[in-house]
Amino acid sequence: MKDPRKTRVRRSGVAALAVAAALVQGGMSATAQADPAPATPLPVPQNFIIDAVLGALQGGGASPPGTNNWGCRPSAEHPEPVVLVHGLMANRVDNWQTYGPLLANNGYCVFALTYGSADGDPNGNIGGLTSMQTSSKTLDAFVDRVRQATGAPKVAIVGHSEGATMPYWYLKRDGGASKVSKMIGLSPAVHGIGGEELANTGSSTGSADVPAPFQFSATSDFIRQLNEGGITVPGVAYTQIVTRYDEVIVPYTSGIVNEPGAVNHVVQDYCPQDYADHLSINSDPGAASLVLNALDPAHAEPVQCALVLPAIGVVGGSGSASGSGGSGSASGSAGTGSGG
């Protein structure tokens, strides 16, 4: 019987890489909507840049495979829907080509939004631009919509980059903690770019409510307010997953939260041959294993490793979220720098 967690690598030509930078963020207009997940497992691609390009070609109105089936009802095994929150200058379709089908194959109701586009378009090609406070309100409305559609009292959030930073504000400042059970962040920037060394200089980059690109510095008022009195909120399980090769969130430890209720994982602690960067962590089988284990810790499985390159993702299609790659040394139920 085919393992529903087995991933498949989509191959494409070198030409797609040549136009990646223009297409991933620019996209094209389209009105496609997600279909209900098929009875057979969906392909789960692991070549980030190629898959993001192919997603972008569908336009901002599309949804990743396996997501936004508003008729989905959570199972007893996975009673909480998963909300996917994209990163800066991304959208729901180009950011989540791996996690949409991966989570759907594993029995979750999965939903993804685009937030923060300059004109407020929920189908915009480029999101995450408005202030993270504004985007927090958008996320709250989307979470309410998911809860109403599914009947679930709480959701789990999986986010990347800004989508692994802004939701922490939502949980702490905008009432999200009463609606969210788990916050799982891929490459968060909760302590700001520059980390404690920059934050301790005492300089400030000004008002907290400015466009998101100006809020990531460790000296921004947004980051200061997020960290004031602690980041975590009781009742929410926080998991941060980072890579030592993150070239955007520098230092990568800016994503680690050493507070009660928080667990941190460095991908390379499990998979030394993994060179995932800020982009390819989105299609990384080791990170995917850690996400699945954080969503369902009672059934944690060994972390699956593969050779992963920056931006590109898995080499040779050898990795998977379960069962086909080389196993790491732990199941992922605990990790580096765990909080209490």
Side-chain angles (χ1 to χ4, degrees), residues 3-7 44 66 74-85 98-111 143 146-147 150 152-160 163-164 167-168 171 176-188 190 231-243 255-271 274 281-282 284-305 319-323 325 327-340:
D3 185 348
R5 295 173 70 166
K6 183 175 180 181
T7 56
V44 181
S75 66
E77 292 78 12
H78 300 305
E80 293 168 343
V82 179
V83 172
L84 302 176
V85 188
T98 295
Y99 277 90
L102 173 70
L103 295 174
N105 286 351
N106 278 277
Y108 291 93
C109 292
V110 191
F111 300 88
V143 167
V146 170
R147 292 167 62 230
T150 61
K154 290 189 176 184
V155 305
I157 291 176
V158 176
H160 169 246
Y168 289 75
L171 296 172
S178 65
K179 306 173 184 179
V180 177
S181 64
K182 301 177 183 73
M183 174 66 225
I184 303 169
L186 297 164
S187 293
V190 289
I231 295 173
T232 62
V233 179
V236 180
Y238 294 82
T239 302
Q240 292 70 233
I241 302 168
V242 301
T243 171
I256 288 176
V257 179
N258 289 311
E259 297 181 17
V263 175
N264 303 288
H265 300 287
V266 180
V267 172
Q268 288 76 27
D269 287 349
Y270 302 92
C271 305
D274 191 316
I281 195 172
N282 283 303
D284 184 282
S289 293
L290 293 166
V291 168
L292 289 170
N293 288 347
L295 287 170
D296 189 5
H299 300 93
E301 297 189 3
V303 173
Q304 300 300 316
C305 298
S320 77
S322 175
S327 296
S329 60
S331 67
S333 58
T336 300
S338 298

Does the side chain of [Y] come within less than 4.5 Å of [X]'s, by heavy atoms?
{"X": "V267", "Y": "V242", "answer": "no"}
{"X": "V155", "Y": "V82", "answer": "no"}
{"X": "I184", "Y": "Y238", "answer": "no"}

Which residues share a side-chain hydrogen bond (donor to acceptor under 3.5 Å, both in side chains) with [X], sequence neighbours left out:
{"X": "D274", "value": "none"}
{"X": "Y99", "value": "none"}
{"X": "K179", "value": "D140, D144"}
{"X": "T239", "value": "none"}

Please test V83 against V158 for side-chain contact (heavy atoms from CB on, under 4.5 Å), starting from the C-alpha separation and ending with a verdict.
-> CA-CA 6 Å; V83 172; V158 176; over 6 Å; no
Between [atom1] on residue [X] and [atom2] on residue [Y], distance to nearest 0.5 Å:
{"X": "I157", "Y": "L295", "atom1": "CD1", "atom2": "CG", "result": "11.5 Å"}
{"X": "L171", "Y": "K182", "atom1": "CG", "atom2": "NZ", "result": "13.0 Å"}
{"X": "D284", "Y": "C271", "atom1": "CG", "atom2": "SG", "result": "7.0 Å"}
{"X": "N258", "Y": "T232", "atom1": "CG", "atom2": "OG1", "result": "10.5 Å"}

Taking only residues two or more places apart in sequence or in another chain, which ones pass side-chain contact (heavy atoms from CB on, under 4.5 Å) with A177?
->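 Residues passing side-chain contact (heavy atoms from CB on, under 4.5 Å) with A177: V233, V236.
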Excluding sequence neighbours, so at least two apart, what forms side-chain contact (heavy atoms from CB on, under 4.5 Å) with S181?
->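 For S181 the side-chain contact (heavy atoms from CB on, under 4.5 Å) partners, ignoring immediate neighbours, are E80, K154, A156.
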Does [X] reach the main-chain N or O of [Y] with its side chain, forming a donor-acceptor pair under 3.5 Å?
{"X": "Q240", "Y": "L186", "result": "no"}
{"X": "N264", "Y": "V257", "result": "yes"}
{"X": "N282", "Y": "T98", "result": "no"}
{"X": "N106", "Y": "L102", "result": "yes"}

For [X] and [Y], which heavy atoms make the closest approach, and how far apart are they?
{"X": "G163", "Y": "M183", "result": "O-CE, 3.9 Å"}
{"X": "A104", "Y": "V110", "result": "N-CG2, 3.7 Å"}
{"X": "V146", "Y": "P81", "result": "CG1-CB, 3.8 Å"}
{"X": "P188", "Y": "A164", "result": "CB-O, 3.2 Å"}

Show the numbers, then the answer: is there a side-chain hydrogen bond (donor to acceptor under 3.5 Å, both in side chains) between T243 and Q268?
-> CA-CA 7 Å; T243 171; Q268 288 76 27; 3.0 Å; yes
Please walk me through it: do H160 and I281 pass side-chain contact (heavy atoms from CB on, under 4.5 Å)?
-> CA-CA 9 Å; H160 169 246; I281 195 172; 4.0 Å; yes
Might you work through the side-chain hydrogen bond (donor to acceptor under 3.5 Å, both in side chains) test for Q304 and Y270, ending with a clear yes or no?
-> CA-CA 9 Å; Q304 300 300 316; Y270 302 92; over 6 Å; no
Compute whether any side-chain donor of one residue and acceptor of the other, for E77 and Y108, lie under 3.5 angstrom apart.
->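 Note: E77 and Y108 side chains miss the donor-acceptor criterion.
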